[in-house]
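What follows is a single structure, and I will ask about it in a moment.
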Amino acid sequence: MSDLRSPSPHPRPLRLVFMGTPEFAVPSLQTLLEGEDLVVGVVTQPDQPSGRGMVLHAPPVKVLAVAHHLSVFQPARLREPGVLASLQAWQPDLIAVVAYGKMLPQAILALSPYGCINVHASLLPKYRGAAPIQWAIACGERETGVTTMHISERMDAGDILLQKTITIADDDTGGTLHDKLAVLGAEALRETLQLVKSGQLVAQPQDEAAATYAPLLKKEDGRIDWRQEADTLARRIRAFNPWPSAYTTLHGKLLKIFAAQRERSIPHPAPPPGTVAEVTPVSLVVATGAGYLTLSEVQLEGKKRLPIAEFLKGYHLTPGLVLGA
RNA sequence: CGCGGGGUGGAGCAGCUCGGUAGCUCGCGAGGCUCAUAACCUCGAGGUCCUAGGUUCAAAUCCUAGCCCCGCAA
C-alpha cells in the first residue's frame with residue numbers, strides 16, 4: 001500500500017509537523033531544525049506530574065521546541081474536538097512521528113500529502129512495539145537498527161522506507177543503545193525526507209510472517225527470577241539498565257542490579273537459585289537456575305548506585321544468604 | 001503539601017532509640033614478611049559528624065528551619 005499521493009519530486013522545503021515526546025525523539029527534532037525544511041508545529045504529550053514531589057514536567061521534545069520558539073500543541077487525546085483542525089491549520093506537507101506515545105487516528109494519517117512517517121528503533125518487522133531496544137538486547141540479538149516507515153493503522157506495520165543497522169556491543173545497555181539509536185534514527189529520518197523530496201522514495205511492505213513483538217516494559221519485568229539461567233539473567237540485566245532496571249531483594253529491601261556477568265567456575269554442590277554462593281572483597285556470586293552470576297554493579301533502596309567492591313565494603317554479606325526471598 | 005531512606009576522615013558503612021573518649025571494612029603513607037595472591041603483620045597520617053539556629057554542664061545523638069543525594073510512585 002502506498003499513501004504517497006505525490007510521487008513526484010518536491011523541490012521546495014517541506015512544511016513539517018513533528019510529533020514526539022521523550023528523549024529518543026530529541027535528536028530527530030534537532031536534526032530537522034538544522035535542515036532546510038520548515039518545522040511548522042510540534043505535537044507532544046501533555047506535561048505530566050512526575051519525579052520526586054510529583055512536580056509537573058514538560059516532555060523533552062517540548063523543552064527543545066520551546067527553546068526554538070516553535071508552536072507546541074499538547075492535546076490530551078488526538079480524537080478530541082479541534083485537534084484535527086489545529087493540525088490542518090499548520091498545512092503540513094508531511095508529519096514526522098518519533099516516539100509520540102499514542103496511536104494516530106486515520107484522519108491524521110490522511111491529513112497531509114505525504115502522510116505520516118515514523119522512526120522505529122528496530123529492524124522491522126522484528127520488534128514491533130513499545131520497547132524494541134531493550135528486548136533486542138534481552139533476546140541476545142547481535143545487531144539491531146532503526147526503520148523509517150509509512151504509518152499505517154496497525155502498530156508498526158507500515159511500509160518500510162529506509163533502514164539503518166548497528167552492531168550491539170557486548171557492553172551496550174538499554175541506555176547506551178537507546179542513545180545510539182536515537183541518533184541513528186535522526187539520520188534515517190533526514191535521509192528519508194531527502195528521498196521524499198527527490199521523488200526516489202520506495203515503500204516496501206513488511207514481511208508479516210517475520211514480525212515479532214517487543215511489548216511495553218512494566219516494572220514487574222525487571223524482577224529477577226533466579227531460576228532462570230545465568231546467561232538469560234545477564235542479558236536482561238544489561239537490557240533493563242537503566243530502566244526499568246533488574247531488581248531483587250536483600251533483607252527485604254529493594255536491590256537493583258545494573259551489571260552482572262555469567263560466572264564460569266562453578267562450585268560443586270549447587271545451592272538453590274538466588275543463594276549467595278561466594279563473597280570476596282571484590283565480588284559477589286549468586287546461584288541461578290543454571291550457572292552462576294557475578295554481580296558487578298548494584299544499588300540498594302535509598303542508596304547510591306555502586307560498583308560491587310564499594311558496596312561490599314559497607315555491607316558484609318555471607319554465603320548462604322538468599323536474594324529475592 | 002504524594003510516600004519513604006540517607007548526608008559521619010579519600011570510598012562504603014556502624015554509632016543516634018537510651019546525649020558523656022570518633023568505630024568497622026577498605027584506601028593512603030612508612031616499615032616488615034613472602035616463590036606467590038585484590039595475601040599477611042606492625043606503626044602512622046587523615047574527620048567543621050551537610051548547614052544555621054535552639055535545648056543542655058555536655059549534642060554525631062534531642063528540637064526547629066534550610067540545602068543536597070537516593071528508592072517508591074507517576
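Values below: all heavy atoms of this structure, side chains included; hydrogens, waters and symmetry mates excluded. Lettering of chains follows the sequences in order, A, B, ..., and the numbering in each one begins at 1.
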Does a side-chain N or O from A:Gln299 land closer than 4.0 Å to OP1 or OP2 of B:G71, or not?
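Checking A:Gln299 against B:G71: at least one side-chain N or O falls below 4.0 Å of OP1 or OP2.
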Using the side-chain heavy atoms of A:Leu306, tell me which of these nucleotides is nearest: B:C24, B:C13, B:G71.
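Closest nucleotide among those given: B:C13.
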Please name the residue in the list A:Arg238, A:Arg235, A:Lys180 that meets the salt bridge (charged side-chain N to carboxylate O under 4.0 Å, His left out) test with A:Asp172.
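Between A:Asp172 and the candidates, salt bridge (charged side-chain N to carboxylate O under 4.0 Å, His left out) is satisfied uniquely by A:Lys180.
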What's the gap between B:C28 and B:A14 when it is taken at their P atoms, as a whole Å value?
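Rounded to whole Å, the distance is 24 Å.
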Rounded off to whole Å, could you give me the CG-to-P distance for the A:Leu255 and B:G5 pair?
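Spelled out: CG on A:Leu255 to P on B:G5 is 19 Å.
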Would you indicate, yes or no, if B:G6 has its OP1 or OP2 atom less than 4.0 angstrom from a side-chain nitrogen or oxygen of A:Lys304?
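For A:Lys304, the contact criterion (side-chain N or O under 4.0 Å from OP1 or OP2 of B:G6) is not met.
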Do A:Glu141 and A:Lys126 meet the salt-bridge criterion of a basic N to acidic O distance under 4.0 Å?
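Between A:Glu141 and A:Lys126 there is a salt bridge, with a charged N closer than 4.0 Å to a carboxylate O.
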How long is the line joining NZ of A:Lys313 and P of B:G9, in whole Å?
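Taking atom P of B:G9 as the reference, NZ of A:Lys313 is at 15 Å.
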Should A:Lys256 be listed as having a side-chain N or O under 4.0 Å from OP1 or OP2 of B:C72?
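For A:Lys256, the contact criterion (side-chain N or O under 4.0 Å from OP1 or OP2 of B:C72) is met.
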side-chain N/O A:Arg52 vs B:A73 OP1/OP2, d < 4.0 Å:
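A:Arg52 to B:A73 OP1/OP2: no side-chain N or O under 4.0 Å.
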Taking atom C1' in both B:G9 and B:C50, what distance in whole Å separates the two?
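Roughly 15 Å separates the two C1' atoms.
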Suppose you measure atom C1' in B:U8 against the same atom in B:C16; what distance do you get, rounded to whole Å?
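The same atom, C1', in both gives a distance of 11 Å.
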Indicate, with a heavy-atom threshold strictly under 4.0 Å, whether A:Lys253 touches base, sugar-phosphate, or nothing.
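A:Lys253: no heavy atom of the nucleic acid under 4.0 Å.
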Using the C1' atom in both, what is the distance from B:C72 to B:G27, to the nearest Å?
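After rounding to an integer number of Å, I get 34 Å for this pair.
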Does atom NZ of A:Lys253 have more than 12 heavy-atom neighbours, drawn from other residues, nucleotides or ligands, at distances under 6.0 Å?
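Counting neighbours around NZ of A:Lys253, 12 or fewer heavy atoms of other residues, nucleotides or ligands fall under 6.0 Å, so no.
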Taking NZ, NE, NH1 and NH2 as the nitrogens, is one of them in A:Lys197 or A:Asp37 under 4.0 Å from a carboxylate oxygen of the other?
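Counted as a salt bridge, because a side-chain N and a carboxylate O are separated by less than 4.0 Å.
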Determine the Euclidean distance between corresponding C1' atoms of B:U64 and B:U56; express it in Å to zero decimal places.
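About 16 Å, rounded to a whole number of Å.
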